[in-house]
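Comments concern the structure below.
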Amino acid sequence: MIEQEIKAITAELPKDVKLVAVSKFHPEEAIMEAYEAGQRIFGESHVQELQRKHEHLPKDIEWHFIGHLQTNKVKYLAPYVSLIHAVDSPRLLAEISKQGERCGRRIPCLLQLHVAQEETKFGFLPEEADEFLREGDWREMKGAQIKGIMCMASLTDNEVQVAQEFERAQRFFTHARDTYFKDDPDFCECSWGMSDDYKIALRHGTTMVRIGSKIFGQRQY
Ligand SMILES: *Cc1c(COP(=O)(O)O)cnc(C)c1O
């Protein structure tokens, strides 16, 4: 089941779009099934759970942290995390940089853009992200590297609305790339699209889909 889903989704994705298999709340055996099917990138959103899985599971897994990250927990992930998707404040980026330097790394990060209607979603509004990039403190943060933009669309069946939100994120990505990252080819990632909306995301510039329940089934809460 997991193997078939991984293979079916992978076959559907263009070659330059990566699959992040979101394994939060799923047991290590489920991750190993996906691993045996060839999957190497996994997304988690709780620090303790990721710590445990990272310790037990194969070392060639790329662990992405996709959830809201508290600054006081960055230090636990800093030695090994491959990508932090949801950087939602200047303070968090500064802490990631500090911990990255401490580990002798430049930790890859995405800025989370708030494009959804929901009040509760974290992230920079496009104008806030623009201001932050324009001010430029991030250029001095040697332990963190901004590699692109991440967003979550509203939880709605309205596909037009979801498409508009992804388009907004895509426009911001293009603007940021052309304005602040002209000489930086590493600024190239767009992380959007989940189980219910990744097909829409594929039409709106995503380079990284984060898919959980479609692969692993419903999560156990
Ligand atoms: C849980 C989660 C996903 C995966 O959601 P599914 O609907 O299960 O595919 C993707 N992105 C983030 C940030 C998540 O927290």
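Quick note: residue numbers are just sequence positions, from 1. What you see below is based on every heavy atom in this structure, not just the backbone, and it leaves out hydrogens, waters and symmetry mates.
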Review point. Is the F173 ring parallel, tilted or perpendicular to the F187 ring (thresholds 30°, 60°)?
Key: parallel
Check the orientation of H175 and Y180. Use parallel for under 30°, tilted for 30 to 60°, and perpendicular for over 60°.
perpendicular
Under 3.5 Å donor-acceptor, [X] side chain and [Y] backbone:
X: T156; Y: N158; result: yes
X: H54; Y: H56; result: no
X: S213; Y: Q218; result: no
X: R105; Y: V81; result: yes

Over 12 non-hydrogen atoms of neighbours within 6.0 angstrom of [atom1] in [X]:
X: K98; atom1: NZ; result: no
X: K59; atom1: NZ; result: yes
X: D157; atom1: CG; result: no
X: Q4; atom1: CD; result: yes

Residue pair [X] / [Y]: nearest heavy atoms and the distance that separates them:
X: E44; Y: S23; answer: OE2-OG, 2.7 Å
X: Q99; Y: A78; answer: CB-CB, 3.7 Å
X: W138; Y: F132; answer: CD1-O, 3.5 Å
X: K7; Y: A37; answer: CE-O, 4.3 Å
X: K18; Y: I41; answer: CD-CD1, 4.0 Å
X: T206; Y: V17; answer: O-CG2, 3.6 Å

side-chain contact (heavy atoms from CB on, under 4.5 Å) evaluation trace for D196 with K214: CA-CA 8 Å; D196 292 334; K214 186 169 163 62; over 6 Å; no
Validation row: [X], [Y] side chains within 4.5 angstrom (heavy atoms):
X: T179; Y: L133; answer: no
X: F42; Y: S82; answer: no
X: F172; Y: D130; answer: yes
X: L57; Y: M32; answer: yes
X: R210; Y: M150; answer: yes
X: V74; Y: L69; answer: yes
X: Y35; Y: R40; answer: yes
X: F124; Y: E131; answer: no

Just do the side-chain contact (heavy atoms from CB on, under 4.5 Å) check on K199 and E12 with the steps written out, would you? CA-CA 9 Å; K199 290 183 192 194; E12 232 179 322; 3.0 Å; yes
Open item on the list: Would E62 and H64 count as a side-chain contact (heavy atoms from CB on, under 4.5 Å) here? Give the steps.
Closed with: CA-CA 6 Å; E62 274 184 45; H64 288 198; 3.5 Å; yes
Pairwise distance [atom1]([X]) to [atom2]([Y]) - rounded to 0.5 angstrom:
X: I2; Y: E29; atom1: CD1; atom2: CD; value: 10.0 Å
X: Q112; Y: S89; atom1: CD; atom2: OG; value: 10.5 Å
X: S45; Y: K24; atom1: OG; atom2: NZ; value: 4.5 Å
X: E3; Y: Q39; atom1: CD; atom2: CD; value: 12.5 Å
X: L111; Y: I149; atom1: CG; atom2: CD1; value: 5.0 Å
X: L110; Y: D88; atom1: CG; atom2: CG; value: 12.0 Å

ring-ring contact (aromatic ring centres under 6.0 Å, His included) for Y76 and W63? Distances and angles first, verdict last.
CA-CA 13 Å; Y76 301 115; W63 293 106; over 10 Å; no
Are [X] and [Y] connected in the hydrophobic side-chain network, where two residues link if heavy atoms are under 4.5 Å apart?
X: I6; Y: V209; answer: yes
X: M194; Y: I31; answer: no
X: I84; Y: L113; answer: yes
X: I61; Y: F65; answer: yes
X: V87; Y: V115; answer: yes

Discussion item. Looking only at side-chain N and O atoms, does E165 offer a donor or acceptor that is under 3.5 Å from a partner on Q161?
Written reply: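 Yes, E165 and Q161 have a side-chain donor paired with an acceptor closer than 3.5 Å.
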Are a donor atom and an acceptor atom from the side chains of E55 and Y80 found within less than 3.5 Å of each other?
no
So that I can tick it off, tell me whether R91 and E95 are bridged by a salt bridge, with the cut-off set at under 4.0 angstrom between side-chain N and carboxylate O.
no
Exactly one of H114, H85, H68 clears ring-ring contact (aromatic ring centres under 6.0 Å, His included) with F122, and that residue is H68
Residues at least two apart in sequence or cross-chain that pass side chain to side chain donor-acceptor pair (under 3.5 Å) with R171, listed by chain then number, are none
field: E28/K53 under salt bridge (Lys or Arg N to Asp or Glu O under 4.0 Å): CA gap, chis, key distance, verdict
entry: CA-CA 7 Å; E28 292 169 9; K53 289 173 172 175; over 6 Å; no
side-chain hydrogen bond (donor to acceptor under 3.5 Å, both in side chains) pairs touching residues 140-150, sequence neighbours excluded, are Q145-D186
message: Quick one, E33 with F216, criterion side-chain contact (heavy atoms from CB on, under 4.5 Å). Give me CA distance, side-chain angles, the key distance, then yes/no.
response: CA-CA 10 Å; E33 260 187 82; F216 295 107; over 6 Å; no
